[in-house]
Amino acid sequence: MSLKDKNILLGVCGGIAAYKIPTLIRLLKERDANVRVLMTQAATRFVTELTLSTLSQEPVWKDIFPDSVSAKEDWTRHISMGEWADVYVIAPATANTIAKLAAGMCDDMLTASFITLRPDKPNLIFPAMDGEMFASPSVQRNLAWLSRNGCTVINPESGELASGKCGTGRMPEPETIAATIETAVTENLRRSKLQGKSLVITAGPTREKIDDVRFISNYSSGKMGFALAAAAVKRGAGVTLIAGPVHLPTPNGVDRIDVESTEEMNRAAKERYRSCDIFIGAAAVADYRPANHVAGKIKKNSNTMEIILVRNPDVLAGFSKQKKTHQLAVGFSLETAGNLDNAREKLEQKELDLVAYNTFDGITSGFEVDTNILTLIDKHSNVHELPLLSKNEAAEQMLDVIEELMSSDK
Ligand code: CTP
């Protein structure tokens with residue numbers, strides 16, 4: 001294993017274990033890595049800036065605001081650090097900095113660069129502190145949050161601590177940290193097949209206007225499409241998310257286009273048909289729209305009312321019909337339980353490569369819930385039955401199947 005030419009961003013916080021960092025930097029440099037160090041103010045009390053800068057052969061950065069501005073880079077260094085890094089290692093990570101990272105604070109170069117790290121890059125957090133501090137509910141809560149949100153937290157070791165007590169809180173030795181970094185970088189390099197691919201994902205409902213104050217729509221929350229978008233970005237894909245009206249934050253690194261009607265969704269999608277490698281139709285698209293949109297507000301002049309509806313374009317099928325051999329079309333098929341054959345029909349009719357059949361019971365699967373039970377059927381008739389999963393986990397497993405399909409089609 002080697003770290004040759006890998007860019008390692010090293011965040012150092014103010015804990016006694018910072019005395020091990022000069023040795024760590026030497027080990028990383030011996031493996032031909034490029035190392036840049038970001039220190040908190042507190043870290044400078046334990047190890048000097050001059051030491052770390054001499055060993056890394058790079059300036060050390062602390063404050064987010066530059067002392068003087070000589071280049072444009074000086075204003076945006078916290079962004080370029082995140083872009084530069086192949087891996088971001090925070091060692092030792094103190095309780096205070098861990099709390100800031102979990103809260104999304106960015107009041108120094110170390111924390112601000114953490115926020116700008118590209119989602120497909122690994123980060124390693126090495127907490128080191130007194131045993132009681134490490135076990136405290138707040139530290140554990142913050143570490144659990146970071147773990148759930150894409151960070152790799154390496155638990156400290158047990159042994160003698162600076163307080164003279166024994167407990168869990170010791171930072172691993174530099175050799176162990178260097179080996180962990182090598183593993184993380186190598187694993188990340190075992191690239192996902194989605195790395196560099198361009199994905200278009202539709203998500204959420206569409207709204208079809210009846211008049212200026214009313215519309216036809218459905219209960220889709222957009223959660224499944226947003227989960228797919230977030231998971232694909234983490235695998236290094238470029239993702240355009242064409243979203244109907246939903247109340248969800250844009251996942252990190254995703255290019256989001258908000259639309260309202262099916263025709264708007266169709267227009268936005270068509271513009272991207274050619275450049276896209278994989279099109280996933282996760283939107284619950286309204287199949288019909290009112291033939292006439294009435295300006296203003298319709299008054300209730302009679303006991304009954306007729307609205308003539310006309311068929312909407314099929315966004316996903318539109319993509320499939322023109323797709324080239326290297327492109328994949330993936331759709332969803334929401335059916336009442338047991339209607340797997342309808343999903344198979346959809347796969348054929350819409351010329352899909354993969355269809356995700358899901359039922360709706362409103363409790364474990366369906367529009368507004370956080371879990372889903374999917375059965376994936378590919379164009380070779382392979383069936384993958386996924387268990388009850390969170391929509392995030394279902395998205396990961398669906399992308400695994402898409403990657404398998406990409407390999408088998410080669
Ligand atoms: N889809 C689309 N554009 C439409 C309709 C559907 O892109 N106008 C996509 C959806 O995003 C989904 C799949 O096609 O991936 C679902 O197909 P659809 O035929 O709408 O499924 P159902 O609504 O379940 O079909 P039906 O109404 O016939 O039960």
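Note that these values count all heavy atoms, side chains included, but never hydrogens, waters or copies made by symmetry. Along the sequence shown, residues carry numbers from 1. In listed order, ligands and their atoms are each counted from 1.
For residues 316-328, the set of pairs meeting the salt bridge (Lys or Arg N to Asp or Glu O under 4.0 Å) definition, not counting sequence neighbours, comprises Lys321-Glu351, Lys323-Asp353.
Atoms of ligand 1 lying under 4.0 Å from at least one heavy atom of Pro313, given by number and element, are 4 (C), 8 (N). Residue Ala283 has at least one heavy-atom neighbour below 4.0 Å for each of these atoms of ligand 1: 10 (C), 11 (O). Heavy-atom contacts of Gly331 reach the following atoms of ligand 1: 15 (O) (cutoff under 4.0 Å).
Looking at Lys346, Arg289, Arg311 and measuring to atom 26 (P) of ligand 1, the nearest heavy atom belongs to Lys346. For atom 23 (O) of ligand 1, the candidate residues are Ile280, Asp287, Leu334, Asn266; the nearest heavy-atom contact is made by Asp287.
The protein heavy-atom contact nearest to atom 3 (N) of ligand 1 is Val315 N, 3.0 Å. Nearest protein heavy-atom contact of atom 7 (O) of ligand 1 is Leu316 N, 2.8 Å. Summary of contacts: the protein heavy atom closest to atom 6 (C) of ligand 1 is Lys350 NZ, 3.5 Å. In this structure, the protein non-hydrogen atom closest to atom 12 (C) of ligand 1 is Phe332 O, 3.3 Å.
Judged by distance alone, the side chain of Thr111 and the main-chain N or O of Asp107 form a donor-acceptor pair under 3.5 Å.
Remark: Glu348 CD is loosely packed, at most 12 non-hydrogen atoms of other residues, nucleotides or ligands lying under 6.0 Å away. For Arg26, the CZ atom counts as loosely surrounded, since its 6.0 Å shell holds 12 or fewer non-hydrogen atoms of other residues, nucleotides or ligands.
At least one heavy atom of Asp314 sits closer than 4.0 Å to an atom of ligand 1. Gly318 does not count as a contact of ligand 1, since none of its heavy atoms falls under 4.0 Å from the ligand.
Checked against a 3.5 angstrom limit, the closest N/O atoms of Gly281 and ligand 1 fall inside it.
Between Glu263 and Arg289 there is a salt bridge, with a side-chain nitrogen of the basic residue lying less than 4.0 Å from a carboxylate oxygen of the acidic one.
Figure legend: cation-pi geometry between Arg77 and Trp61, with NZ or CZ positioned under 6.0 Å from the six-membered ring centre and within 45° of its axis.
Every residue two or more places apart in sequence or in another chain was checked for a salt bridge (charged side-chain N to carboxylate O under 4.0 Å, His left out) with Glu260, and none qualifies.
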Next item on the list: Take Glu403 and Lys197 through the test salt bridge (charged side-chain N to carboxylate O under 4.0 Å, His left out) and record every step on the way to the result.
Entry: CA-CA 11 Å; Glu403 288 199 28; Lys197 297 290 178 207; over 6 Å; no
